[in-house]
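Since the structure comes first, as structure tokens, the remarks are kept for the end.
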Amino acid sequence: MKKMDTAEWKAFIQSGSRTGKVSTIRADGSPHCVPVWFIFRDEKITFMTWHNSYKAKHIAKDNRISIAVDSEIFPYHFVTIEGTAEIEEPSMEDLYNVSKQIAQRYVPEDRVEEYAKRNAVQGEVLVHVIPTKVLSAKDVAS
């Protein structure tokens, strides 16, 4: 098992359609972990969520967050990013643009517009994860 350098982990989290597993902190201090679709831009992980989802509520109370991205194919790789989260209530135009970028990563090309419009609705917010620590490994099983 080897550690990825900065260029490697950035390329890894942006390749393919890997989901991120986001962990937030519940009011009682226990973790809450869910998969998300995301993009990496401006040195931040960005994903969308409903304004009063558990994720959004948790972040509003405690903005510490982690996101894990992994490869489920031998010899297995992973990146875990720890950091802080910021919630943004963007303009509808900005929300649509991010929604479309995310859709381009995760859905077939002929359905991008459908998903971009479906997800860019009033009440959705953007969450930006600012990394403070990155853990990574490649070739875990070698």
Side-chain angles (χ1 to χ4, degrees), residues 1-108 111-142:
M1 181 167 71
K2 302 169 216 148
K3 183 178 177 180
M4 293 183 204
D5 65 30
T6 301
E8 287 176 312
W9 74 255
K10 287 180 179 180
F12 176 78
I13 66 169
Q14 295 178 80
S15 65
S17 58
R18 295 182 179 101
T19 58
K21 288 70 170 179
V22 168
S23 292
T24 56
I25 302 168
R26 292 185 176 109
D28 68 2
S30 63
H32 175 249
C33 185
V34 294
V36 296
W37 290 355
F38 71 93
I39 55 173
F40 185 73
R41 62 182 194 154
D42 302 326
E43 300 302 311
K44 299 174 190 173
I45 300 272
T46 297
F47 63 90
M48 299 171 65
T49 192
W50 190 246
H51 69 283
N52 65 354
S53 67
Y54 286 120
K55 292 184 295 294
K57 289 177 183 178
H58 298 161
I59 291 166
K61 291 182 191 299
D62 186 334
N63 72 341
R64 293 177 293 168
I65 194 167
S66 66
I67 182 167
V69 181
D70 66 328
S71 166
E72 297 178 358
I73 300 169
F74 185 87
Y76 309 105
H77 318 296
F78 75 87
V79 174
T80 300
I81 297 170
E82 297 175 4
T84 56
E86 297 175 348
I87 294 176
E88 176 189 359
E89 294 181 24
S91 69
M92 292 307 293
E93 180 181 353
D94 287 345
L95 187 64
Y96 170 79
N97 289 335
V98 171
S99 182
K100 186 170 183 176
Q101 289 173 35
I102 291 171
Q104 288 169 328
R105 180 171 185 185
Y106 292 97
V107 302
R111 300 199 61 195
V112 166
E113 191 65 26
E114 170 193 349
Y115 274 79
K117 287 179 180 175
R118 184 193 83 174
N119 294 332
V121 296
Q122 195 69 39
E124 283 287 313
V125 295
L126 300 179
V127 178
H128 305 290
V129 178
I130 299 95
T132 56
K133 183 177 182 180
V134 177
L135 308 167
S136 67
K138 60 184 176 180
D139 304 326
V140 175
S142 63

Handout entry: Under the salt bridge (Lys or Arg N to Asp or Glu O under 4.0 Å) test, residues paired with K21 that sit two or more places apart
Key = D70
Handout entry: Mutual orientation of the aromatic rings belonging to W37 and Y106 [parallel < 30°, tilted 30-60°, perpendicular > 60°]
Key = parallel
Problem - By salt bridge (Lys or Arg N to Asp or Glu O under 4.0 Å) - contacts of K3 (at least two apart) - result: none
Exercise for the section: State the OG-OH distance between S142 and Y76, to the nearest 0.5 angstrom. Expected result: 12.0 Å
Exercise for the section: Give a yes/no verdict on a cation-pi contact between R18 and F12, requiring under 6.0 Å between NZ or CZ and the six-membered ring centre and an angle within 45° of the axis. Expected result: yes
Fill in the blank from the handout: d(I25 CD1, H58 NE2) to nearest 0.5 Å is 10.0 Å
Completion exercise
Sorted by chain and number, sequence neighbours left out, side-chain contact (heavy atoms from CB on, under 4.5 Å) with E114 holds for R111
Handout entry: Distance, nearest 0.5 Å, that separates OG1 of T24 from NZ of K57
Key = 12.0 Å
Handout entry: Shortest non-hydrogen contact from I65 toward T84
Key = CG2-C, 3.9 Å
Problem - Beyond-backbone contact of M48 with L95, side-chain heavy atoms, under 4.5 angstrom - result: yes
Completion exercise
Looking only at heavy atoms, the pair that brings A116 and A103 closest together is N-CB, 4.2 Å
Problem - Distance in Å, Q14 CD paired with I45 CD1, rounded so as to fall on 0.5 Å steps - result: 8.0 Å
Handout entry: Nearest-0.5 Å distance, CD1 of residue I102 to CG of residue L126
Key = 7.5 Å
Practice task
Evaluate side-chain contact (heavy atoms from CB on, under 4.5 Å) for E86 paired with N63, printing each intermediate quantity in order.
Solution key: CA-CA 7 Å; E86 297 175 348; N63 72 341; 5.7 Å; no
Exercise for the section: Please check if atom CD in E88 has more than 12 non-hydrogen atoms from other residues, nucleotides or ligands closer than 6.0 Å. Expected result: yes
Handout entry: Side-chain touch V127/I59, heavy atoms, less than 4.5 angstrom
Key = yes
Problem - Shortest non-hydrogen separation from V79 to W9 and the atoms involved - result: CG2-CB, 3.7 Å
Problem - Pairwise distance OG1(T19) to CZ(F38) - rounded to 0.5 angstrom - result: 8.0 Å
Practice task
Could you pull out the closest heavy-atom pair between E89 and V125, with the gap in Å?
Solution key: CG-CG1, 3.8 Å
Exercise for the section: With the side chain counted from C-beta on, respond yes when V98 and R41 share a heavy-atom pair under 4.5 Å apart, and no when they do not. Expected result: yes
Practice task
Taking the side chain as every heavy atom from C-beta outward, state whether I13 and I81 have any pair of such atoms under 4.5 Å apart.
Solution key: yes
Fill in the blank from the handout: Sequence neighbours excluded, the answer for ring-ring contact (aromatic ring centres under 6.0 Å, His included) partners of H51 is none
Problem - Other residues, nucleotides, ligands: >12 heavy atoms within 6.0 Å of M1 CE - result: no
Exercise for the section: State, yes or no, whether a side-chain contact exists between R26 and K61 at a heavy-atom distance under 4.5 Å. Expected result: no
Handout entry: Pairwise side-chain contact, V36 with T49, heavy-atom cut-off 4.5 Å (strictly under)
Key = no
Exercise for the section: Give a yes or no on whether the backbone of A120 and the side-chain of E124 come within a donor-acceptor separation of less than 3.5 Å. Expected result: no
Tabulate below the donor-acceptor pairs under 3.5 Å that side-chain atoms of residues 129-141 make, not counting sequence neighbours, or state none.
unit_1: T132; atom_1: OG1; unit_2: E82; atom_2: O; d: 3.2
unit_1: S136; atom_1: OG; unit_2: M4; atom_2: N; d: 3.0
unit_1: S136; atom_1: OG; unit_2: M4; atom_2: O; d: 3.3
unit_1: K138; atom_1: NZ; unit_2: E8; atom_2: OE1; d: 3.2
unit_1: K138; atom_1: NZ; unit_2: E8; atom_2: OE2; d: 2.5
unit_1: D139; atom_1: OD2; unit_2: K2; atom_2: NZ; d: 3.4

Practice task
Using the test salt bridge (Lys or Arg N to Asp or Glu O under 4.0 Å), find all partners of R64 that sit at least two apart in sequence or belong to another chain.
Solution key: D62
